[in-house]
Amino acid sequence: MAKITTLFVDKGGVLIDNTRLSPQYRRLLGEFLPTELGGDPAAWANANVGAASRAFARYQQASMSAPTTSIREWFNEDVRRWLYEMCDEVGRPRPPAARADRIANGAHEYVRRRVDIRAPRIVERLRHFHRQGLTLHVASGDQHADLVGYLDTMGTLELFGRVYGSDLLNVWKSSPAYYRAILADTGTDPAVAVVIDDAESAIAWAAECGLRGAQVRRRAGEPFEDAVLRAFDEVSAQL
């Protein structure tokens with residue numbers, strides 16, 4: 001079996017605990033949006049519950065078909081729609097498109113820079129992989145700018161070579177085509193790489209491309225880092 005040289009690491013469920021992220025996101029939006037658009041902080045926080053759920057449903061639907069525009073443009077348009085839906089719920093006027101785009105992206109940036117996503121044991125293991133000479137790339141379906149911001153907040157950005165969101169590749173993370181695009185872009189032989197992801201479907205897509213996988217399987221009540229480190233141990237056993 002070929003020696004492993006490269007790791008493709010997912011964000012949500014591997015680098016970041018989504019169950020901790022969501023409530024912080026609402027609170028921080030409640031801090032930021034009234035400074036731009038007025039209204040009650042709690043109302044903005046509550047409005048994001050439905051708006052975020054609908055945005056995720058749109059993302060899931062869009063990712064099942066070829067993009068009619070570039071994926072980057074899709075993200076840009078959808079973030080404006082997300083903001084407008086919250087404006088309607090809070091009862092604040094919808095700002096013009098250019099201002100809405102600035103506010104919506106500013107809100108996400110405000111959150112990314114302030115959210116508590118510390119995972120010191122995960123970070124240390126990533127640094128250990130890096131010191132061992134492994135090449136690390138992020139392989140996520142999220143937007144590239146979001147990923148870079150979160151990695152910077154975690155203090156891990158310098159550990160990763162490429163930070164792949166769907167928009168960077170212009171391929172949705174919804175089939176083996178996503179991993180084929182990554183392999184082509186990096187020039188990586190699939191025999192020397194491992195995908196670390198919490199989704200069984202992602203591991204299966206990677207396997208179709210000849211990649212090995214290590215799945216994060218979090219048990220009921222298990223600390224997030226414990227589950228991730230168990231998957232990292234699987235990788236270490238193959239080195």
Side-chain angles (χ1 to χ4, degrees), residues 4-18 21 55-56 58-60 62-67 69-79 105 108-109 112 115 117 119 122-123 125-127 129-130 133-216 228 231-232 235:
I4 294 170
T5 65
T6 306
L7 304 181
F8 295 112
V9 187
D10 186 31
K11 185 208 84 176
V14 179
L15 296 176
I16 294 176
D17 182 358
N18 290 330
L21 187 63
F56 183 64
R58 290 192 298 270
Y59 166 84
Q60 289 182 306
S63 68
M64 291 297 105
S65 58
T69 61
S70 76
I71 291 177
R72 182 163 296 174
E73 289 173 352
W74 185 91
F75 276 121
N76 290 340
E77 292 171 4
D78 199 72
V79 75
N105 287 305
H108 285 299
E109 178 69 6
R112 288 193 299 260
V115 71
I117 49 176
I122 290 174
V123 171
R125 287 295 293 276
L126 291 171
R127 293 191 184 282
F129 285 143
H130 192 262
L134 293 174
T135 298
L136 278 61
H137 302 296
V138 172
S140 170
D142 290 4
Q143 192 173 15
H144 173 72
D146 278 345
L147 297 168
V148 169
Y150 283 125
L151 293 175
D152 197 27
T153 297
M154 287 186 76
T156 58
L157 182 58
E158 76 280 1
L159 301 178
F160 291 94
R162 298 284 276 170
V163 180
Y164 287 109
S166 292
D167 56 328
L168 194 64
L169 296 160
N170 203 39
V171 179
W172 292 112
K173 187 179 179 181
S174 57
S175 74
Y178 175 82
Y179 291 104
R180 285 195 292 269
I182 285 180
L183 291 169
D185 194 61
T186 58
T188 301
D189 178 352
V192 304
V194 176
V195 168
I196 307 173
D197 205 292
D198 66 322
E200 186 175 355
S201 57
I203 298 296
W205 297 329
E208 287 190 42
C209 300
L211 290 152
R212 283 174 269 182
Q215 186 179 349
V216 175
V228 176
F232 285 178
V235 174

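Only heavy atoms go into these numbers, but all of them, side chains included; no hydrogens, no water, no symmetry mates.
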Considering the options L7, V9, L134, which one meets the side chain to side chain contact (heavy atoms under 4.5 Å, CB included) requirement together with V194?
L7
Strictly by salt bridge (charged side-chain N to carboxylate O under 4.0 Å, His left out), give each pair with a member in residues 151-161 just once, sequence neighbours left out.
R113-D152, R127-E158
Working to the nearest 0.5 angstrom, can you tell me the gap between R162 CZ and I182 CD1?
10.0 Å
Kindly give the heavy-atom pair with the smallest separation between A139 and Y179, and that separation in Å.
CB-CE2, 4.5 Å
Identify the heavy atoms of P190 and L183 that sit nearest to each other, and give their distance.
CB-CD1, 4.0 Å
List the atom of V216, the atom of G13, and the distance in Å for their closest heavy-atom pair.
CG1-O, 3.6 Å
Taking Y59 for the side chain and D78 for the main chain, is one N or O donor matched with an acceptor at less than 3.5 Å?
no
Can you give me the closest heavy-atom contact between A193 and L211, atom names plus distance?
CB-CD2, 3.4 Å
For atom CD of E208, decide whether the heavy atoms of other residues, nucleotides or ligands shown that lie under 6.0 angstrom number more than 12.
yes
Any pair counted as ring-ring contact (aromatic ring centres under 6.0 Å, His included), so long as it reaches residues 133-167, sequence neighbours left out
F8-H137
Separation of N76 CG from S70 OG (nearest 0.5 Å):
7.5 Å
Flag side-chain contact, heavy atom, 4.5 Å: V235 against I196
yes
Working to the nearest 0.5 Å, report the span between OG1 of T6 and CZ of F129.
13.0 Å
Under a 4.5 Å cut-off applied to non-hydrogen side-chain atoms, are F232 and L126 in contact?
yes
Taking all non-hydrogen atoms of both residues, which atom of V138 and which atom of L147 are closest, and how far apart?
CG1-CD1, 4.2 Å
Could you walk me through whether L15 and V123 satisfy the side chain to side chain contact (heavy atoms under 4.5 Å, CB included) test, starting with their C-alpha distance in whole Å, then the side-chain angles of each, then the deciding distance to 0.1 Å, before giving a yes or no?
CA-CA 8 Å; L15 296 176; V123 171; over 6 Å; no
May I ask you to decide if D142's main-chain N or O and S140's side chain share a donor-acceptor pair within less than 3.5 Å?
yes
What one should report as the nearest heavy-atom pair of A231 and A214 is O-CB, 3.8 Å
For the atom pair NE2 (H130) and CG (L136), what is the distance rounded to the nearest 0.5 Å?
7.0 Å
Spatial distance of atom CD1 (I203) from atom CZ (R212) [nearest 0.5 Å]
13.0 Å
So do the side chains of I117 and T153 get within less than 4.5 Å of each other, counting heavy atoms only?
yes
Taking Y178's backbone N and O only, do any of them form a donor-acceptor pair with W205's side chain (distance below 3.5 Å, no angle check)?
no
With no hydrogens and no angle check, is any side-chain donor or acceptor of N170 less than 3.5 Å from a backbone partner on I71?
yes
Taking side chain as C-beta onward, heavy atoms only, is T186 less than 4.5 Å from T135?
no
Taking the side chain as every heavy atom from C-beta outward, state whether V228 and D17 have any atom pair closer than 4.5 Å.
no
Within a strict 4.5 Å, meaning less than it, do heavy atoms of the K173 and S63 side chains meet?
no
Less than 4.5 Å apart, side chain to side chain, heavy atoms only: is that true for Q215 and D198?
no
As an exercise, state the distance from CE of M154 to CD1 of I122, rounded to the nearest 0.5 Å.
6.0 Å
Hits for side chain to side chain contact (heavy atoms under 4.5 Å, CB included) against A207, two or more places apart or cross-chain, chain-then-number order -> none
